[in-house]
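Down below is the structure, laid out as structure tokens.
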Protein chains: 2
Amino acid sequence: MLPKNEIVHGDCIEVLKDFPDNSIDLIFADPPYNLQLPKNRKLIRENGTEVIPVNDEWDKFESYEEYDRFTESWLKECQRILKPTGTIWVMGMYHNIFRVGKIMQDLGLWFLNDVIWVKIDAMPNFNGRRFTNNHETLIWAVKNKNCKNYTFNNELLKRMNGGKQMKDTDWVFKICRGPERLKDENGIKAHPTQKPLKLIQQVLLTASKKGDLVLDPFLGSGTTAVVAKALGRDWIGIEKEKKYVALAKKRIQDFINNKL
Amino acid sequence: MLPKNEIVHGDCIEVLKDFPDNSIDLIFADPPYNLQLPKNRKLIRENGTEVIPVNDEWDKFESYEEYDRFTESWLKECQRILKPTGTIWVMGMYHNIFRVGKIMQDLGLWFLNDVIWVKIDAMPNFNGRRFTNNHETLIWAVKNKNCKNYTFNNELLKRMNGGKQMKDTDWVFKICRGPERLKDENGIKAHPTQKPLKLIQQVLLTASKKGDLVLDPFLGSGTTAVVAKALGRDWIGIEKEKKYVALAKKRIQDFINNKL
DNA sequence: GCAAGGCATGAATCTACAT
DNA sequence: GATGTAGATTCATGCCTTG
């Protein structure tokens, strides 16, 4: 039925179709951003090193329409399986978050906040033709407009914030670099978009309780699973790419071994 | 032809239809967040408290569609009249900005940044069920993907930012309160969504030059006109509500009188 | 051992110009 | 227009080497 505390290898839309209605407490989704980078262009730093872009096949879509169809499909399933007391978090940046947000509203998901993750140590804008991209947006929503009884750990958040109510602009975290960043056998980043543990931790501390069931339909490097495990939540991760399934499995096992 | 340095009283979509193609250097738009339909009108008691209407009758999906049609109409005109070297700024918050952003992308407008205005002195969230809303989002875009020669005053921005490249999260300004806030004869705020001068000033300093022509299709209290005048830009303002036309006209005249 | 400096690098819708 | 090549451009952070 529900494969708790496991990674499911497969297309998330297909996998989600087998999940029962109203069964998930919290969904964290970091879907493909549809970056649309120019082809055959390299970005070289002054010191001669090359910026490795997100160029994976999973981020490529033929058109806005195709991206929208994909987005609506997985969001529809997520909405269906989300409990009325649950919440969904969807993360993105200006390439995709506006499309995603409109589709969420059209499905009837009801927004609670759009939270700004202000990045520390983000990459500068090299050519000086725009502002530095220094944030990502997290849309936080309930299943529909009538859902009022969702989890929001206000007192905990206030304690974490020096006694003051936390703002949608108070999420300031480092990007994932250094020892936390998973590397492959060549020392290159093993996943192009690994998210920081602290960011996901903030999501789970905000909107879930111990024993809740957390779903990540785009598990990637497995950050959500590790954080859920650490915080005593059950979790389900879905990942399409076999190599990332293996990466995340090893990561989770390493985490458990070091913990015990 | 182009009513420079004037306020045009009328529906912005109708007014914009008479403007020639490729004629505006910078558009700043702070569109309405809610539908202005009669069935959605809010009732305000004499003591200022709000009568909450029964909303169950009207179809929520229909209202989104109505808002989307309106949004697409004015954005289409704005895109048409924007110079290939110009840029458009559209401001909003989570109620509307995702819908607006998707429609902009669908029209072919090409995003440069989504800038976060981090508010100072924003209202707290009283019931402790969400994060405090502490920001608004400004989408900054060019007419289409191929437009590269837009104005971005990088050197000025760096000087304003201590020699460092400015980030999309560096826009921290107070909300419009105190003497800057226009009041009516009863001392009540004369416009519900008056924006701070410094915010609009940052927009114009970022993406326009002296002598450029700036358009605000939702002029409201006239902040854009005042800032444009102060910075030596020409401007056009469109405003549908007669009382706000009068308010802005007086404000601009007061500004000119005090300046001279 | 400690301080200073070199070096790597991060979800990025690069720009200008020639062909 | 589309494509290819050369050019100009950037910040914070942490690890590691050097002195």
Side-chain angles (χ1 to χ4, degrees), chain A residues 29-61 63-64 67 90-100 117-138 172-184 186-196 199 218 220-221 223 244, chain B residues 84-85 87 101 104-105 108-114 139-152 154-155 157-158 161-170:
Chain A
D30 185 24
Y33 288 5
N34 190 22
L35 280 189
Q36 307 179 66
L37 296 172
K39 289 170 191 167
N40 305 321
R41 300 283 169 85
K42 290 187 175 180
L43 182 60
I44 307 294
R45 298 188 188 86
E46 198 181 34
N47 62 12
T49 60
E50 184 180 341
V51 175
I52 301 172
V54 177
N55 211 16
D56 288 17
E57 282 305 315
W58 54 259
D59 197 44
K60 295 195 190 310
F61 294 85
S63 61
Y64 283 142
Y67 184 77
V90 185
M91 186 167 177
M93 49 186 299
Y94 68 92
H95 305 82
N96 72 319
I97 196 64
F98 300 100
R99 317 192 70 78
V100 168
W117 168 30
V118 178
K119 297 184 184 183
I120 294 175
D121 206 10
M123 185 153 59
N125 180 276
F126 288 99
N127 57 11
R129 296 290 290 143
R130 308 174 176 205
F131 295 101
T132 301
N133 295 328
N134 202 55
H135 76 278
E136 297 197 23
T137 302
L138 293 101
V172 183
F173 299 111
K174 282 188 289 189
I175 59 170
C176 187
R177 282 183 56 184
E180 187 184 327
R181 188 83 194 220
L182 302 175
K183 303 292 198 317
D184 66 13
N186 302 316
I188 307 295
K189 55 186 174 188
H191 190 283
T193 67
Q194 185 182 343
K195 294 297 177 294
L199 177 73
F218 306 98
S221 59
T223 309
Y244 297 139
Chain B
T85 55
T87 59
M104 290 177 73
Q105 282 187 320
L109 290 159
W110 192 250
F111 291 177
L112 299 171
N113 282 116
D114 58 332
I139 295 175
W140 181 37
V142 284
K143 190 180 178 89
N144 63 59
K145 188 178 180 176
N146 300 317
C147 297
K148 305 291 183 189
N149 201 26
Y150 57 91
T151 298
F152 178 61
N154 191 39
E155 291 306 318
L157 291 167
K158 279 173 73 170
N161 200 39
K164 306 284 181 173
Q165 189 175 74
M166 199 174 279
K167 300 171 187 170
D168 57 17
T169 50
D170 281 339

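Chain letters run A, B, ... following the sequence lines, proteins first, then strands; residues in each count from 1. Side chains included, hydrogens not; waters and symmetry mates left out as well; all remaining heavy atoms used.
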What is the distance, to the nearest angstrom, from the CG atom on A:N134 to the C1' atom on C:dT9? 15 Å

Over all strands shown, is A:Q36 touching base, sugar-phosphate only, or nothing at heavy-atom distances under 4.0 angstrom? base

Please tell me which of A:P179 and B:G163 maps to the more 5' nucleotide of DNA chain D, matching each residue to the nucleotide holding its nearest heavy atom. B:G163

Nearest-angstrom distance from the residue atom CG of A:L43 to C1' of D:dG7: 12 Å

Within this structure, what is the CH2-to-P distance between B:W110 and C:dC14, rounded to whole angstrom? 7 Å

I need the CD-P distance between A:E180 and C:dT9, as an integer number of Å. 17 Å

Would A:T49 and A:N47 count as having a side-chain donor-acceptor pair, cut-off 3.5 Å? yes

From CG of A:D59 across to C1' of C:dA12 the rounded distance in Å is 12 Å

Donor-acceptor pair (no angle test) under 3.5 Å: A:R45 side chain, C:dG10 base: yes

For the aromatic rings, using the six-membered ring if either is Trp, is the centroid distance between B:W110 and B:Y150 under 6.0 Å? no

Does A:N133 reach a base, just sugar-phosphate, or nothing at all? Heavy atoms under 4.0 Å. sugar-phosphate

Mind checking A:K195 for me? I need base, sugar-phosphate or nothing, with any heavy atom below 4.0 Å counting as a touch. base

Look at the side-chain N and O atoms of A:K189 and state whether any lies under 4.0 Å from the OP1 or OP2 oxygen of C:dT9. no

Given Watson-Crick or G-U pairs with both distances under 3.5 Å, what dot-bracket string fits DNA chain C, with | for other-strand pairs and [ ] for crossing? .|||||||||...||||||

Gap between atoms CZ and P, on B:F152 and C:dC14 respectively (whole Å): 14 Å

Under the salt bridge (Lys or Arg N to Asp or Glu O under 4.0 Å) rule, collect the residues that match up with A:K189, sequence neighbours excluded. none

Nearest-nucleotide comparison on DNA chain D, the residue closer to the 5′ end among A:G128 and B:N146: B:N146

Identify all pairs in which a protein N or O lies below 3.5 Å from an N or O of nucleotides 16-19 of chain C, and state each distance.
none

Mind calculating the distance between CD1 (A:I175) and C1' (C:dG10) to the nearest angstrom? 4 Å

Is there a side chain to side chain contact (heavy atoms under 4.5 Å, CB included) between B:D114 and A:H135? Walk through the geometry before answering. CA-CA 9 Å; B:D114 58 332; A:H135 76 278; 3.1 Å; yes

Flag for A:Q36-A:Y67: side-chain donor and acceptor within less than 3.5 Å: no

Pick the closest DNA chain C nucleotide for B:C147 and for A:M123 by heavy atoms, then say which residue is nearer the 5' end. A:M123

Is it the case that A:N55 and A:K60 place a side-chain donor and acceptor less than 3.5 Å from each other? yes

Please determine if a side-chain N or O atom of A:K174 lies less than 4.0 Å away from the OP1 or OP2 oxygen of D:dG14. yes

B:N113 and A:N133: side-chain donor and acceptor closer than 3.5 Å? yes

What contact category does B:Q105 fall into here, base, sugar-phosphate, or nothing, at under 4.0 angstrom with non-hydrogen atoms? base

Roughly how many Å is it from NZ in A:K39 to C1' in D:dA2, rounded to a whole number? 11 Å

